[in-house]
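Worksheet for the structure shown next.
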Amino acid sequence: ETGVTQTPRHLVMGMTNKKSLKCEQHLGHNAMYWYKQSAKKPLELMFVYNFKEQTENNSVPSRFSPECPNSSHLFLHLHTLQPEDSALYLCASSQEGGGRPQHFGDGTRLSIL
Amino acid sequence: GENVEQHPSTLSVQEGDSAVIKCTYSDSASNYFPWYKQELGKRPQLIIDIRSNVGEKKDQRIAVTLNKTAKHFSLHITETQPEDSAVYFCAASIRQAGTALIFGKGTTLSVSS
């Protein structure tokens with residue numbers, strides 16, 4: 001039981017498909033994050049939401065579109081992805097404010113055909 | 001831009017030995033430094049963290065030291081065990097009041113019995 005749940009755990013899609021990744025946190029946090037983890041690369045911060053407002057967009061291509069309807073839910077909408085987008089996508093949450101630990105979900109393993 | 005360098009990328013030790021992983025950060029405003037452990041196929045888990053007003057913190061076999069002047073922090077694991085084998089990531093907060101973290105590239109620790 002992680003407190004941060006991601007679905008689906010695995011996703012295979014073609015480059016022309018549209019899909020969405022979902023993240024839900026049950027920890028009462030008000031900040032949520034999307035990270036991309038590729039082989040032999042550091043965790044790459046993609047988006048940050050504080051109190052449902054996007055506060056960071058780390059130069060992510062527009063084919064990735066985040067949505068945060070409330071403090072407990074975070075989505076990542078995917079369309080027209082490229083093979084290099086295949087990776088593990090991790091969601092995390094924390095309390096808002098500096099110096100707060102982030103709690104991760106188990107991730108969605110995404111494979112682009 | 002902000003950057004976190006982590007060394008070494010791989011570390012192999014014998015059971016019972018100590019392991020040290022070092023990180024340097026570039027943003028002088030960083031004030032929060034967590035360490036995460038990620039086992040194969042699992043989510044990153046926070047193992048210890050330190051704030052900039054503290055020079056050292058210890059939790060059983062794990063300790064972290066911080067040198068703000070040198071912008072350098074280290075993870076020390078004593079009496080290593082095979083179950084310590086994993087990838088370890090250091091991270092530093094981005095901007096003093098922000099919640100975002102920037103991660104190092106990770107260190108793969110292998111503990112052989």
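Heavy-atom neighbours of B:Lys22 NZ from other residues, nucleotides or ligands within 6.0 Å: at or below the threshold of 12. At most 12 non-hydrogen atoms from other residues, nucleotides or ligands lie less than 6.0 angstrom from CD of B:Glu79. Around the CD atom of B:Glu83, the shell of radius 6.0 Å holds more than 12 heavy atoms that belong to other residues, nucleotides or ligands. Other residues, nucleotides and ligands contribute only 12 or fewer heavy atoms inside 6.0 Å of the CG atom of B:Leu40.
Only the side chain of A:Leu45 has a heavy atom closer than 4.5 Å to any heavy atom of chain B. Residue contact with chain A, scored on non-hydrogen atoms closer than 4.5 Å, is absent for B:Phe33. Of the two parts of B:Pro34, neither the backbone nor the side chain holds a non-hydrogen atom closer than 4.5 Å to a non-hydrogen atom of chain A. For a residue to count as touching a neighbouring chain, one of its non-hydrogen atoms must lie under 4.5 Å from one of that chain's; by this rule B:Ile102 does not touch chain A.
Side-chain atoms of B:Tyr36 come within 3.5 Å of backbone N or O of A:Gln102 as a donor-acceptor pair.
In terms of non-hydrogen atom pairs under 4.5 Å with chain A, the most contact-rich of B:Gln45, B:Gln6, B:Arg51 is B:Arg51.
Taken together through direct or relayed side-chain contacts under 4.5 Å among Ile, Leu, Val, Met, Phe, Trp and Tyr, B:Val20 and B:Val13 form parts of separate hydrophobic clusters. The hydrophobic cluster containing A:Leu88 does not contain A:Leu81, counting ILVMFWY residues as joined when their side-chain heavy atoms lie under 4.5 angstrom apart, directly or transitively. A:Phe75 and A:Val48 sit in two unconnected hydrophobic clusters of ILVMFWY residues. Membership requires side-chain heavy atoms under 4.5 Å apart, directly or through other members.
Taking 4.5 Å as the limit, every side-chain heavy atom of A:Tyr35 sits out of range of all side-chain heavy atoms of B:Pro44.
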Inset, instruction - Could you please spell out the steps behind the side-chain contact (heavy atoms from CB on, under 4.5 Å) verdict for B:Gln38 and A:Gln37? - result: CA-CA 12 Å; B:Gln38 187 176 28; A:Gln37 187 174 34; 2.7 Å; yes
Inset, instruction - Under the side-chain contact (heavy atoms from CB on, under 4.5 Å) rule, what do B:Leu46 and A:His103 come out as? Steps first, then yes or no, please. - result: CA-CA 7 Å; B:Leu46 180 72; A:His103 299 259; 5.8 Å; no
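Residue A:Pro42 comes nearest to B:Gly104 through the heavy atom pair CB-O, 3.3 Å, listed as atom of the first residue, atom of the second, then distance.
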